[in-house]
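Scroll down for the structure; my scribbles are underneath it.
Here the structure is a predicted model, which means the values were calculated and not measured.
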Amino acid sequence: MNSEIAQLQKEIREKQQQLTEARKRLPLEEIKDYELQNKEGEKVMLSALFGESDELLLIHNMGKECTYCTMWADGFRGFTEIITDRMPWLLVSPNEASVLKSFSENRGWNFNVMSFNNSDLGKDLGFEKLHNGKRSFMHGVSALIKKEGKMFRAAYDFFGPGDNYNPAWHFFDLFPNGANGWTPKYIY
């Protein structure tokens, strides 16, 4: 193996470990209990989604309008059992429950999806912005915990090409042309 590449890979692993440790030192950010809607339109409180666990992985999705978000969510199909074995988790979307139901079932998403359409969850957690009076969303992840009867966000991150949450980009980066102009699609 090329010594420059081996050294860079070692440095990246070390930096990733440093990032993980730095996140563990972050102060907990208390959050409120948001009312979400499941695919059937039934109201569900965020706190109920923890079940018996004191941890909940929350995937922030921009909605069916985003091919990138769809690609990330499609990728979670293969991790459903693995993540669920460790903790409860769900994908939240600004789409209305009926739209989310149809879209997620069509995509074969075998994990819990909820609409936050009528709540401030996206805005409060920094995944929704107002620009020229119009709502826009970002995709990413929040690590939530319960402690002493309250809910907190322990850490968060944003999704995007080259992140640690979608390996397709890393596979493409192995080639001299990288992604070569490729972008996610709804149908491959």
Side-chain angles (χ1 to χ4, degrees), residues 31-53 55-130 134-146 151 153 155-172 179 182-188:
I31 63 169
K32 63 184 182 182
D33 198 2
Y34 298 92
E35 184 179 272
L36 308 175
Q37 287 186 331
N38 66 19
K39 293 186 297 185
E40 310 308 322
E42 300 165 333
K43 294 176 181 175
V44 179
M45 298 306 292
L46 180 62
S47 59
L49 298 168
F50 281 80
E52 298 297 316
S53 178
E55 298 173 314
L56 177 68
L57 182 67
L58 189 66
I59 305 296
H60 301 271
N61 186 282
M62 294 168 57
K64 76 172 198 142
E65 298 77 17
C66 177
T67 56
Y68 285 81
C69 288
T70 301
M71 176 186 173
W72 265 256
D74 286 349
F76 291 128
R77 290 181 298 213
F79 288 99
T80 299
E81 292 175 345
I82 296 166
I83 298 172
T84 302
D85 186 58
R86 168 63 178 83
M87 69 183 63
W89 69 286
L90 72 141
L91 179 144
V92 292
S93 166
N95 291 138
E96 292 181 13
S98 60
V99 172
L100 187 56
K101 175 182 173 66
S102 173
F103 190 70
S104 66
E105 289 176 358
N106 183 50
R107 304 293 314 169
W109 293 352
N110 56 347
F111 45 84
N112 200 6
V113 296
M114 298 270 176
S115 171
F116 67 86
N117 187 313
N118 295 317
S119 80
D120 291 330
L121 180 138
K123 179 176 62 96
D124 291 351
L125 297 184
F127 288 88
E128 176 183 334
K129 306 284 184 211
L130 265 180
K134 205 172 177 189
R135 294 167 71 194
S136 64
F137 302 94
M138 300 173 72
H139 47 275
V141 59
S142 289
L144 307 181
I145 65 168
K146 275 180 161 179
M151 286 188 301
R153 181 164 65 172
Y156 65 93
D157 202 356
F158 295 97
F159 292 167
D163 68 25
N164 291 322
Y165 307 101
N166 190 306
W169 303 102
H170 301 288
F171 292 128
F172 299 155
W182 180 88
T183 59
K185 303 165 186 65
Y186 291 114
I187 299 173
Y188 297 100

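Considering CD1 of I31 and CD1 of I145, their distance stands at 10.0 Å, rounded to 0.5 Å. Rounded to the nearest 0.5 angstrom, L49 CG and M114 CE are separated by 4.5 Å. Of the inter-residue distances, the one linking S119 atom OG with M45 atom CE reads 9.5 Å to the nearest 0.5 angstrom. To the nearest 0.5 Å, atoms CG (L58) and CG (N112) are separated by 10.5 Å. Note: L91 CG to L57 CG = 10.0 Å, rounded to the nearest 0.5 Å. In this structure, E40 CD and L100 CG are separated by 10.5 Å, a value rounded to the nearest 0.5 Å.
Put simply, the side chain of N61 never gets that close to the backbone of A73: no donor and acceptor are under 3.5 Å apart. The closest donor-acceptor contact from the side chain of R77 to the backbone of R107 lies under 3.5 Å. The closest donor-acceptor contact from the side chain of S102 to the backbone of S98 lies at 3.5 Å or more, if one exists at all. When atom types are taken as modelled, the side chain of K43 and the backbone of G41 share no donor-acceptor pair closer than 3.5 angstrom. No donor-acceptor pair closer than 3.5 Å links the side chain of D120 to the backbone N or O of D124. Using modelled atom types, one side-chain atom of Y186 and one backbone atom of K64 make a donor-acceptor pair closer than 3.5 Å. Of the possible donor and acceptor atoms, one in the side chain of H170 sits under 3.5 Å from a partner among the backbone N and O of D163. No side-chain donor-acceptor contact under 3.5 Å links S142 to the backbone of L144.
Within 6.0 Å of CZ in F50 there are more than 12 heavy atoms belonging to other residues, nucleotides or ligands. Within 6.0 Å of atom CD in E105, more than 12 heavy atoms from other residues, nucleotides or ligands are found, so the atom counts as buried in its surroundings.
Checking R135, K123, K134 one by one against E128, the salt bridge (charged side-chain N to carboxylate O under 4.0 Å, His left out) holds for a single residue, R135. Applying ring-ring contact (aromatic ring centres under 6.0 Å, His included) to F127 and the options F159, F116, F137, F158 leaves one that passes, F158.
Within the 4.5 Å cutoff, side-chain heavy atoms of M71 are placed close to those of W169. A heavy-atom distance below 4.5 Å is not found between the side chains of E35 and N118. Looking at W109 and D74, their side chains come closer than 4.5 Å, going by heavy atoms from C-beta outward.
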I would like to know whether H139 and H60 meet side chain to side chain contact (heavy atoms under 4.5 Å, CB included); could you show each step before the answer?
CA-CA 5 Å; H139 47 275; H60 301 271; 5.5 Å; no
Yes or no on ring pair (Phe, Tyr, Trp, His ring centres under 6.0 Å) for W72 and Y165, after CA distance, side-chain angles and deciding distance?
CA-CA 8 Å; W72 265 256; Y165 307 101; 8.9 Å; no
Side chain to side chain contact (heavy atoms under 4.5 Å, CB included) for V92 and L36? Distances and angles first, verdict last.
CA-CA 9 Å; V92 292; L36 308 175; 4.2 Å; yes
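Among all heavy-atom pairs drawn from L46 and D33, the shortest one is N-OD1, 3.2 Å. Taking each heavy atom of C69 and G63 in turn, the nearest pair found is CB-O, 4.3 Å. When all heavy atoms of M87 and L56 are compared, the closest pair comes out as SD-C, 4.5 Å. Listed here is the closest heavy atom pair of P161 and Y68: CG-CE2, 3.9 Å. Scanning both residues, C66 and T70, for their nearest heavy atoms gives O-OG1, 2.9 Å. Shortest non-hydrogen contact noted between S53 and K146 is O-CD, 4.3 Å.
Using modelled atom types, one finds no donor on one side chain facing an acceptor on the other under 3.5 Å when comparing E81 with N110. In this structure, a donor-acceptor pair under 3.5 Å is absent between the side chains of S115 and N117.
Ring geometry for F111 versus F76: interplanar angle over 60°, hence perpendicular rather than tilted (30 to 60°).
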